[in-house]
Structure formats: C-alpha cells, structure tokens
Amino acid sequence: MVRTRFAPSPTGYLHIGGVRTALFNWLYARKHGGQFILRIDDTDQSRNVEAALQPILDGFKWLGIDWDEGPEVNGPCGPYFQSQRSDHYQTAVDTLLSKGLAYRDYARTDEIQAEREAAQAEKRSFLYSRNWMAENDDQAAAFEAEGRTAVIRLKMHREGTCVIDDEIRGRVEFEWAKEQDMVIQKADGSALYHLASVVDDHAFGITHVIRAEEHLSNTPRQIFIAQGLDYDLPTYAHLPYVAEPGSKTKLSKRKIPKYLKNPDFKQLYDHGQHIATACGRELDADTFNPVIVDFYRDIGFLPHAVVNYLLLLGWSLDDKTEQFSKEEMIEHFTLERVVKSPASFDPKKLVAFQQREMDSLPLKQKTALAVSYLQQSGLVDDPPSCDTAPRLNDIIEATEQRMTVAGDILDYTDFFVTDDALTYDQDAYTKHITENEDDNGILADFRHIVESANPFEKETIEAAMRAYIEEKGIKFRAIVHPIRIALTGKTIGFSLFDTIALIGQQSCLARLDRILQ
RNA sequence: GGCCCCAUCGUCUAGCGGUCUAGGACUCCGGCCUUUCACGCCGGCAACACGGGUUCGAGUCCCGUUGGGGUCACCA
C-alpha cells in the first residue's frame with residue numbers, strides 16, 4: 001500500500017512550489033491506489049493556526065487535490081496536527097536517549113556559535129566538541145548547578161557512510177562524520193522538525209517521502225533517527241525545486257520585488273492587479289502575487305490549467321504530450337520521468353496553458369465564471385436582472401478568444417453601463433471624433449442605418465453597412481473607429497457587428513446622439 | 001568555506017551509443033488573414049558549458065574543469 005504525504009506549515013498561503021510537490025505526491029498515491037495524507041507542520045507556530053491553514057486547504061480544494069487523511073477529514077492515524085502529537089515525540093526522544101543515540105546538551109548558544117566560527121575560520125567543517133554533553137544524571141546535575149538548561153541533541157555517528165537510494169537521484173552518499181548533532185528537542189521541551197517528521201511519517205505509515213531537493217542534505221539525520229527508533233525506512237524521492245523566472249535560484253515567497261523586475265512576472269502581476277482593482281478588491285502584497293495560488297483563483301484562472309502547467313514543471317511523458325486530464329496524469333505519472341535539474345517558473349507558459357484551457361471551456365461555464373466577475377465589480381446584479389440575464393451568454397460568446405482569464409471580462413464592460421455613464425478614451429476620442437471633420441457625416445449616416453435596421457440583428461446591420469461603404473466608395477476601416485468609440489468609448493473590442501447587436505438599437509441611438517449633439 | 005545535487009535553444013523539455021545536418025512546446029521575430037484588439041494560419045531565429053578519455057562511433061558512458069544551485073538553526 002502506497003501512502004504519501006504533504007506537510008504544509010500554516011503560513012496563510014499556498015506556495016506554487018509547494019503545490020507542485022503536493023501534486024506529485026498526490027499523483028503517485030492515486031496512481032498506485034494508495035492514500036495521500038495532509039499533515040500540518042505547526043510545531044513552531046505561535047499564530048492562529050486555523051486561520052493560517054484555511055487558505056491552504058482552500059487552495060488544494062480549488063485545485064482538485066484531495067486528501068484521504070488530514071484536517072477536516074481526519075483518519076485512523078490522527079491527530080494530523082503536529083502540535084497535538086507531542087506525546088509521540090517525547091516517547092521517541094526518551095527512546096533515543098535511553099539507547100545513547102541522543103544526549104542532553106547544556107551548551108549555551110554563544111558557546112556553540114564560537115565553535116562554529118572557529119571551524120569556519122580554519123576552513124574546516126564544524127563538528128561539535130560535545131563539551132557540554134551530559135550522558136548521565138550526575139553530569140546533568142553539575143551543569144544545571146551552573147544554571148544551564150538542556151536541549152536534546154542527536155549523537156550522530158562519527159564514522160561510516162550514510163547511503164540513500166533515492167528514486168530520482170539514485171545512490172547518494174554522505175559521511176556520517178560530517179553530520180551535525182542536530183537539536184531534536186528544544187529547551188522548552190518542544191520537538192523540532194526532523195524528529196517530528198520522522199516520527200509522524202512512521203506513525204502514518206508513509207511509504208514514499210516525495211519532497212523537494214532542499215531536503216536531500218538533511219535526509220541522513222532523518223535516517224539516523226528512523227534507524228535509532230527501529231523504523232523501516234521509507235522510499236525517498238527528491239524532486240528538483242521550482243526556480244525563479246529566468247534563473248536557477250529557488251523560488252521564494254519573500255522575493256516578490258525581485259521577481260517584479262522580470263518582465264514576464266511583472267506582466268502577470270499587473271494583469272492580476274488590474275482585475276483585482278476592477279473588482280474593487282483590497283490587495284495584500286503578501287498573498288496576491290503569482291507565487292501564491294490564491295492569485296490565480298482570484299483573477300479567474302482555471303484550476304486545471306495551473307495543475308497541468310505544474311505537472312510539466314519537472315516532469316514529462318514524452319517529446320510532445322502537453323495536455324493531460326486528471327485521469328491521464330494519474331495514469332502516466334512516474335517518478336522515473338521526473339527531471340533532475342531545477343525548473344524555472346515561466347509565467348508566460350502558464351498563461352499559455354490557461355489560454356488553451358479557457359478556449360476549450362464550454363460557453364455556459366465560461367459565462368458563469370465571467371458573470372461572477374461582473375457581479376463582483378457591481379456591473380451585474382446577483383442574480384442578474386431580467387434585462388441583463390438573457391444577454392449574458394451572447395456577450396461572452398462574442399468575446400471569442402479575448403478572455404484569457406475570467407476576470408478579463410472586466411475589460412469589456414460597456415455593455416453593462418448606462419448610456420449616460422459611458423466614458424470615452426480621451427486620446428481615441430480626440431483623434432477619431434474631434435479631429436476628423438468627416439466623421440459627423442459618417443456617424444449621422446450610421447444613425448440612419450441603426451434606426452432603420454429591421455430586424456435589428458447583426459446580419460441586417462452588416463448588410464446595410466456594407467452597402468453604405470460601397471455606395472460611398474470608402475473602406476470599412478474608415479468608419480470602424482468613430483463608430484466603435486461612439487458606442488463603446490474605446491478603439492478595441494469585439495467584432496463591430498456583434499458589438500452593435502449586443503448594445504441594442506435603443507442604446508446605440510442614445511450613444512450616437514451623445515456624440516452628434 | 002564544508003558537504004551534496006545539477007548541467008540540451010531565453011524558458012519547459014525529448015534524447016536512455018549509430019535513425020541528431022538534435023525533435024516538440026512557450027516566448028520572440030517576420031508574413032498572411034482582417035472591422036479595431038485578440039484569435040487563427042504559415043515561416044524563421046535559437047541549444048548539446050569546456051577539456052580529456054572509453055568506443056569503429058558520444059548530446060548519450062567515465063574522469064576532470066568550469067558554471068549554476070541546495071544545505072549547513074533551540075525554522076520548516
């Protein structure tokens with residue numbers, strides 16, 4: 001039975017790199033008919049865990065990555081919060097202590113620091129002298145008499161080799177003597193990450209530890225703990241990490257200002273800001289940026305586009321397949337085809353996946369998504385009013401391929417404002433209306449076409465307009481801009497005939513009259 | 001700095017000794033289409049880090065160099 005896990009720390013947001021790791025764990029479990037478990041790494045959290053966890057759970061739900069055991073669903077191995085498992089960790093510490101594989105250490109932090117710096121100065125690797133190690137109660141009592149307090153450290157081997165058979169990296173060796181005597185329990189009695197992680201992986205029956213490469217170098221100490229506790233070792237698979245756009249440095253959540261210097265990242269970010277602003281949303285720079293999953297959900301990405309993109313960031317099936325349904329991902333995923341080198345996050349390519357996904361979305365669903373943005377920005381009532389509701393599908397259909405994300409509908413809002421409230425792009429207005437003396441003639445003629453179109457449909461309007469330019473001996477492009485500006489205030493938009501039909505005869509006349517007067 | 005990992009177009013990748021004058025995708029650049037803006041279509045630019053081996057033959061195997069990265073907490 002395959003059991004994998006993802007262990008997020010309740011930080012308040014779901015990081016894109018974390019999602020990729022979770023996805024691979026999820027896929028591996030699903031492929032092998034096993035379980036995917038969510039464990040909450042809150043051993044060091046003083047803040048409100050519940051509030052900081054919710055966005056993470058919501059993110060996974062949105063992406064369709066479900067968990068078999070963990071928060072909300074629970075399961076046979078609970079509790080799934082590390083803050084509630086301290087008794088397990090204490091038992092493990094006691095075992096390690098009794099077997100002489102860990103010790104009470106009374107060194108002060110400055111004393112350790114001094115040793116570390118000395119090693120650094122001599123350009124050799126640091127190895128603790130164990131000068132303040134207490135291996136029996138008498139020694140401990142002596143140190144305590146000096147007013148010292150103890151942490152628990154691992155008493156690492158000082159010879160031999162630790163061999164890791166990594167599913168992705170192959171055989172990796174570490175000399176035990178280079179491994180530090182890690183602290184596994186703080187002076188206040190709380191357990192630290194490595195200890196908690198190993199104990200819980202065992203308690204949860206985790207068979208495959210699939211995690212990012214940054215954990216490779218601390219695997220030896222985890223193996224030491226596991227062996228000391230007589231646990232069977234899980235299979236390890238160290239994924240390459242997700243790197244910054246255009247770089248091989250690990251993607252971090254705290255370097256947004258730096259990423260903003262990357263034009264592609266900036267463009268995506270601005271796109272998001274534009275939509276969020278149009279929705280009248282307050283922006284939190286910590287969570288509203290392309291490194292955090294919420295960003296994509298909030299501006300109208302399709303979750304599957306994000307998942308599909310992330311799948312290909314460090315994994316491929318072959319030399320051509322790029323689009324995968326969830327079922328296909330599960331069917332084809334193998335650790336064997338995970339790439340070893342880091343993959344840098346490419347905002348442009350993610351958008352391309354989204355574009356493709358959006359284009360293939362059925363109209364009804366597209367409409368539903370877009371309408372929610374119109375509602376958020378107050379342009380459409382919830383539920384839509386009687387005169388708006390029937391037009392919605394037609395409007396979205398007329399967007400054709402212009403919406404990359406659902407929030408893009410907010411660039412085409414002139415169908416939802418009243419004729420009096422329509423605003424004009426000033427430069428365009430000046431250029432095509434004010435400065436062009438012939439335009440009044442064209443607009444007036446166009447008003448006649450609108451007025452006499454019967455029925456008022458795009459086919460009849462198009463026929464009348466084509467006849468008009470033929471008669472006048474002018475190009476169509478000569479009349480497009482003035483008309484478009486008169487009707488929508490802008491030079492860009494849908495097909496002009498769609499636009500006219502969607503605005504409707506009455507509004508077209510009203511908007512034309514605003515200009516003609 | 002010690003230890004460890006990695007190395008094919010700008011980016012994601014295919015390539016598991018000959019079929020590679022290195023394939024696909026995104027980006028970019030041309031052109032076409034055209035009622036604007038998108039879309040679409042056609043075409044193009046662009047890579048095996050370097051040096052040694054092994055071999056009849058190396059992008060593919062080995063070693064070294066260089067480069068990039070990760071990690072070295074009473075964080076996770």
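So you know, we letter chains A, B, ... as the sequences are listed, proteins then strands, and number each from 1.
Distance check, rounded to the nearest 0.5 Å: CZ of A/R211 to NE2 of A/H238 gives 4.0 Å.
The cationic atom of A/R116 (NZ for Lys, CZ for Arg) lies less than 6.0 Å from the six-membered ring centre of A/F126 and within 45° of the ring axis. With a 6.0 Å cutoff to the six-membered ring centre and a 45° limit on the axis angle, A/R20 counts as a cation-pi contact of A/F24. Judged by the 6.0 Å distance and 45° axis criteria, A/R153 is positioned over the aromatic ring of A/Y128. Taking the ring axis of A/F476 as reference, the NZ or CZ atom of A/R466 stays within 45° of it and closer than 6.0 Å to the ring centre.
Taking the side chain of A/D319 as heavy atoms from C-beta on, and the options B/A14, B/C6, B/C4, the nearest nucleotide is B/A14. The A/V151 side chain lies nearest to B/C74 when the options are B/C4, B/C74, B/C12.
The gap from the C1' atom of B/A49 to that of B/C33 amounts to 43 Å, rounded to the nearest Å. Between B/A14 and B/C41, the two C1' atoms lie 26 Å apart (nearest whole Å). For the C1' atoms, the distance from B/G23 to B/A47 is 12 Å, rounded to whole Å. Of the P atoms belonging to B/C42 and B/C26, the separation is 12 Å, rounded to the nearest Å. Taking atom C1' in both B/C74 and B/U65, the straight-line distance is 41 Å, to the nearest Å. A distance of about 47 Å separates the C1' atoms of B/U71 and B/G30, rounded to the whole Å. Look at the C1' atom in both B/G51 and B/A46: the space between them is 25 Å, to the nearest Å. B/G59 and B/C4 have their C1' atoms separated by 25 Å, given to the nearest Å.
A sub-4.0 Å separation between OP1 or OP2 of B/U13 and a side-chain N or O of A/R337 is absent. For A/K320, no side-chain nitrogen or oxygen approaches OP1 or OP2 of B/C26 to under 4.0 Å. A close approach under 4.0 Å does not occur between any side-chain nitrogen or oxygen of A/T109 and OP1 or OP2 of B/A73. In this model, the phosphate group of B/C3 is not approached by any side-chain N or O of A/S217 to a distance below 4.0 Å at OP1 or OP2. Side-chain nitrogen and oxygen atoms of A/K248 include none within less than 4.0 Å of the OP1 or OP2 phosphate oxygen of B/G67. Put simply, A/T43 has a side-chain N or O that comes within less than 4.0 Å of OP1 or OP2 on B/A76.
In this model, a donor atom of one side chain and an acceptor atom of the other lie less than 3.5 Å apart for A/Q355 and A/T404.
For the pair A/V338 and A/P240, the tightest heavy-atom approach, listed with the atom from each and the gap, is CG1-CD, 3.8 Å. Here the shortest heavy-atom pairing between A/P10 and A/I56 reads CA-CD1, 4.1 Å. Shortest non-hydrogen contact noted between A/Y412 and A/G493 is CE2-CA, 4.1 Å.
Between A/L312 and A/R116, the residue anchored nearer the 5' end of RNA chain B, judged by the nucleotide with its closest heavy atom, is A/L312. Judged by closest nucleotide on RNA chain B, A/E175 is the one of A/E175 and A/T399 placed further toward the 5' end.
Pair assignment for B/C3: B/G70, on the basis of Watson-Crick or G-U wobble contacts that are both within less than 3.5 Å. Nucleotide B/C28: paired with B/G44 (Watson-Crick or G-U wobble, both distances less than 3.5 Å). Pairing for B/C9 is absent, with no Watson-Crick or G-U wobble pair whose two atom distances lie under 3.5 Å. Pair assignment for B/U19 gives none, since no Watson-Crick or G-U wobble pairing has each distance under 3.5 Å. Nucleotide B/C50 is matched to B/G64 when pairs are restricted to Watson-Crick or G-U wobble geometry with both distances under 3.5 angstrom. B/A14: no Watson-Crick or G-U partner with both key distances under 3.5 Å is found in any strand.
The distance from atom NE2 of A/H215 to atom P of B/C3 is 23 Å, rounded to the nearest whole Å. Atom CD of A/E117 and atom C1' of B/A73 are 14 Å apart (whole Å). The separation between A/E214 atom CD and B/C5 atom C1' is 12 Å, rounded to whole Å. Residue A/M156 contributes atom CE, which lies 13 Å from atom C1' of B/C72 at whole-angstrom precision. Here B/A14 presents its P atom at 12 Å from CG of A/L313, a figure rounded to the nearest Å. Straight-line distance from the CE atom of A/M182 to the P atom of B/U71: 13 Å, rounded to whole Å. If you measure from atom CD1 of A/I184 to atom C1' of B/C75, you get 16 Å, rounded to the nearest angstrom. Atom CG of A/L216 is separated from atom P of B/C72 by 12 Å (rounded to the nearest Å).
Among pairs with a residue in residues 315-325 of chain A, those fulfilling salt bridge (Lys or Arg N to Asp or Glu O under 4.0 Å) read A/E322-A/K349, A/E322-A/R356, at least two apart in sequence or across chains.
Among the protein residues, A/F174 comes within range of the sugar-phosphate backbone only, with heavy atoms under 4.0 Å from sugar or phosphate atoms but none that close to a base. As judged by a 4.0 angstrom heavy-atom cut-off over every strand, A/E179 is placed among residues making no nucleic acid contact. Within 4.0 Å (heavy atoms only), A/V351 reaches no atom of the nucleic acid at all. Here A/H238 lies out of heavy-atom contact (under 4.0 Å) with every strand. The residue A/G314 sits close only to the backbone: its heavy atoms come under 4.0 Å of sugar-phosphate atoms, none of a base. A/A343 comes within 4.0 angstrom of the backbone, heavy atoms only, and of no base. Among the protein residues, A/R153 comes within range of the sugar-phosphate backbone only, with heavy atoms under 4.0 Å from sugar or phosphate atoms but none that close to a base.
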Per-nt protein contacts along nucleotides 27-36 of chain B (heavy atom under 4.0 Å; B base, S backbone sugar-phosphate only, - none) come out as S-------BB
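Remark: A/H274 engages no residue in a ring-ring contact (aromatic ring centres under 6.0 Å, His included) (not counting sequence neighbours).
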